[in-house]
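Input: one structure, supplied below.
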Amino acid sequence: MVDVDDTRQDDNAQKPISATVPPLTDEQQQSLENISKHIEVLLHASETPLTANVLKQHLSLSSKELNQALTLLQARLDTGVLSLHETASGYRLQITDRYSPLIQRVFPQRQERLSQALLETLSVIAYKQPVTRSDIEQVRGVTLSSNLLRQLFDKGWIVEKGYKDTLGRPALLHTTAQFLDAFGLTHLDELPPMPDIKAIQALS
Amino acid sequence: MVDVDDTRQDDNAQKPISATVPPLTDEQQQSLENISKHIEVLLHASETPLTANVLKQHLSLSSKELNQALTLLQARLDTGVLSLHETASGYRLQITDRYSPLIQRVFPQRQERLSQALLETLSVIAYKQPVTRSDIEQVRGVTLSSNLLRQLFDKGWIVEKGYKDTLGRPALLHTTAQFLDAFGLTHLDELPPMPDIKAIQALS
Amino acid sequence: MDIFDTAAIRIYQTPVQHLPEDLYVPPQAFAIWLEQFAGPLDFLLYLVKKNNVDLTQMPILPITEQYLSYIGELDTEHFELAGDYLLMASTLIAIKTELLLPKPETPTDERDPKAELIERLEEYAQIKAASQRLNNLVRLERDVFLAMVSIPNQDAMSAEMPSYSPNLLLDSLFKMQLQPDYQMHTINVDAVPLADRIASISRQLSTAGSRSFYQLLDKAQGKIGVVVSFVAVLELMKRHLIGVVPTEADSSTTSDTNGTDQLSSNYDIPPLTLQWLV
């Protein structure tokens with residue numbers, strides 16, 4: 001039943017981080033602890049990976065504070081099942097790879113089945129890119145769930161690039177090369193021609 | 001939203017084990033620790049809450065083992081920013097309430113607002129179920145837009161189940177466990193009581 | 001005693017003869033203002049509250065007049081908003097008419113329309129209050145938030161990448177536009193979902209132009225697939241998205257069934273082709 005190797009070092013938060021760093025006072029340690037928790041919250045709540053700059057900006061941190069807090073966060077996470085993952089588009093929290101057999105066994109469907117809501121959202125992005133979140137909501141007529149966008153980001157099928165020059169400067173969404181791969185396309189031109197949605201809409 | 005019962009014995013790894021529970025061997029403790037991690041992984045990987053039965057089945061656990069592992073999981077989560085909640089359709093992980101203001105500030109788009117029309121429609125279904133479409137129209141005095149119903153279906157808050165034995169055999173609408181989950185209820189009995197008709201009459 | 005007299009409107013216990021001036025809303029702002037209400041019952045409730053009267057003692061005549069004078073402002077531009085309000089207006093007028101007529105000597109079984117309206121208003125007011133209580137509950141994704149994490153890397157999860165057909169995307173768009181109305185009956189265990197068939201047939205016809213019914217079938221779906229496809233075709237025809245045209249090519253088969261063998265020609269239905277009309 002227990003098929004996962006759990007014999008890892010427990011880098012507990014209470015331990016000094018490393019000998020090379022000058023020791024912190026209790027107060028500094030406490031403040032760093034709080035910052036690391038705030039980062040953890042934001043990573044859990046964000047639809048997209050968060051860059052160092054975004055984290056620094058939202059939590060008003062210096063680069064040094066951010067790095068220290070991230071180290072602390074990673075140490076705290078090591079006792080659990082998540083890891084801090086840095087990708088080209090920023091940091092995200094991810095279930096540690098060694099648990100993938102467990103996930104595969106319990107949720108075999110997880111990989112293959114795409115929900116209609118996810119496909120619709122992806123189609124709107126693919127055919128109408130670049131689009132904002134509210135463009136998608138407009139076309140689909142329903143509010144977009146964070147979890148759904150997060151799934152598309154996780155699959156690496158969409159990215160945020162640039163901003164629309166309107167109120168609030170919403171981020172623009174595009175599909176990626178991985179999206180083309182997954183659908184067996186080499187170029188966006190190869191997408192099947194779009195149906196005349198307007199005409200269908202007018203009729204039905 | 002019922003927190004996992006924390007008045008149970010906290011079989012924390014670090015703490016000495018209380019006298020009422022027979023002490024666990026190191027090996028048992030380690031195995032429990034692993035089970036609690038597996039539960040954490042499954043809760044993170046699942047798109048829906050998981051019931052005690054599903055967890056027991058997938059991880060081959062006895063009820064006692066499950067409860068001990070859940071207690072251990074809650075204790076481990078307490079050092080971070082997540083908490084374990086038991087809802088109508090099972091256990092789920094959510095970000096601890098005290099961080100809600102931070103999330104609302106940084107990701108205002110995650111805050112879902114529901115229109116009055118949607119809330120009223122949902123209330124008619126929740127309090128008077130099973131109801132037909134026209135029952136809702138009768139109570140609200142407004143034609144029901146299909147967009148509004150679609151939103152409720154999309155959120156998984158309502159389902160069609162059965163038909164009313166009248167002309168046209170209209171479908172009957174019910175709320176779902178997901179509806180209860182979203183509003184932090186474990187049972188329909190927990191809906192806020194309908195306001196007293198006497199209080200309503202004396203509007204002025 | 002006539003409780004329906006205008007004098008029955010009390011504001012802070014003082015009877016008033018005229019409608020409160022502050023109820024005036026400029027016409028251009030009216031539609032926007034009306035959108036603040038969840039419907040005619042909500043609006044009526046507002047008028048009752050504004051007039052500071054007990055719901056059970058609701059004076060129908062003045063309320064009706066106020067209501068009608070507001071609805072009069074609704075111009076043709078906001079017709080879609082007007083429907084429900086006009087229905088309510090006609091109900092109010094019907095009640096008003098009834099009240100003006102002399103009461104019959106013998107009691108009848110008919111329900112008092114005013115009592116009925118008040119009952120509806122009460123029921124609505126109750127639901128409205130309940131919906132506010134519902135809204136005050138701690139709600140997921142407004143007051144508390146689910147924790148989101150990513151699943152392990154693709155390559156760690158599985159060696160072979162699943163590959164999807166681009167038609168999945170297209171079908172999803174058709175489904176989005178053409179999904180059967182929720183009012184329609186749905187088969188509980190549908191091995192072949194109707195929405196999927198509608199989407200697939202629409203995609204095939206919109207790209208190919210026309211096809212025979214047989215060509216549109218997904219042979220893997222068996223008998224139930226044929227039945228669901230047929231329903232899908234009917235649904236699309238109802239929406240004027242597709243039409244039926246006689247097949248041209250095989251005139252040879254129909255030409256030899258002339259006059260002489262009428263009986264057999266009755267059974268010999270020429271094959272039909274389905275065509276995309278958009």
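Excluded from the calculations below are hydrogen atoms, water molecules and symmetry mates; all remaining heavy atoms, backbone and side chain alike, are included. Reminder, nothing fancy here: chain letters follow the sequence lines and each chain counts from 1. Everything numeric in this text was worked out from a predicted model, so none of it was measured.
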- Is atom NZ of A/Lys161 surrounded by more than 12 heavy atoms (other residues, nucleotides or ligands) closer than 6.0 Å? no

- Message: Looking at every non-hydrogen atom in both residues, tell me the closest pair between A/Ser146 and B/Arg110 and how far apart they are.
- Response: OG-CG, 3.3 Å

- Task: Can you run down the ring pair (Phe, Tyr, Trp, His ring centres under 6.0 Å) pairs that involve residues 58-98 of chain A, sequence neighbours left out, and say none if there aren't any?
- Result: none

- Query: A/Lys37 versus B/Tyr99: any side-chain heavy-atom pair under 4.5 Å?
  - Reply: yes

- Message: I'd like to know whether A/Arg140 forms a side chain to side chain contact (heavy atoms under 4.5 Å, CB included) with B/Asp154, so could you lay out the CA-CA distance, the side-chain angles of the two residues, the decisive distance to 0.1 Å, and finally the verdict.
- Response: CA-CA 11 Å; A/Arg140 295 189 56 226; B/Asp154 258 31; 3.9 Å; yes

- Side chain / backbone / both / neither for B/Gln109 at chain A, heavy atoms under 4.5 Å: both

- Item | Under 4.5 Å from a heavy atom of chain A, the part of B/Leu82 involved | side chain

- Task: Go through the steps to decide whether B/Val106 and A/Leu59 satisfy the test side chain to side chain contact (heavy atoms under 4.5 Å, CB included), and finish with yes or no.
- Result: CA-CA 9 Å; B/Val106 176; A/Leu59 299 172; 5.7 Å; no

- Message: Checking A/Thr143 against B/Arg113 for the side chain to side chain contact (heavy atoms under 4.5 Å, CB included) test, could you report, in this order, the C-alpha distance in whole Å, the side-chain angles of both residues, the deciding distance, and whether it holds?
- Response: CA-CA 10 Å; A/Thr143 45; B/Arg113 304 232 168 261; over 6 Å; no

- Could you tell me which residues satisfy side-chain hydrogen bond (donor to acceptor under 3.5 Å, both in side chains) with A/Gln28, sequence neighbours excluded, listed by chain and number? A/Thr25

- Which residues from residues 42-55 of chain A are near chain B, with near meaning under 4.5 Å between non-hydrogen atoms? A/Leu42, A/His44, A/Ala45, A/Ser46, A/Glu47, A/Leu50

- Using the ring pair (Phe, Tyr, Trp, His ring centres under 6.0 Å) rule, collect all pairs that involve residues 125-151 of chain B, keeping only residues at least two apart or in two chains. none

- Query: If every non-hydrogen atom of A/Arg76 is compared with every non-hydrogen atom of B/Thr79, which pair is closest and at what distance?
  - Reply: CD-O, 3.6 Å

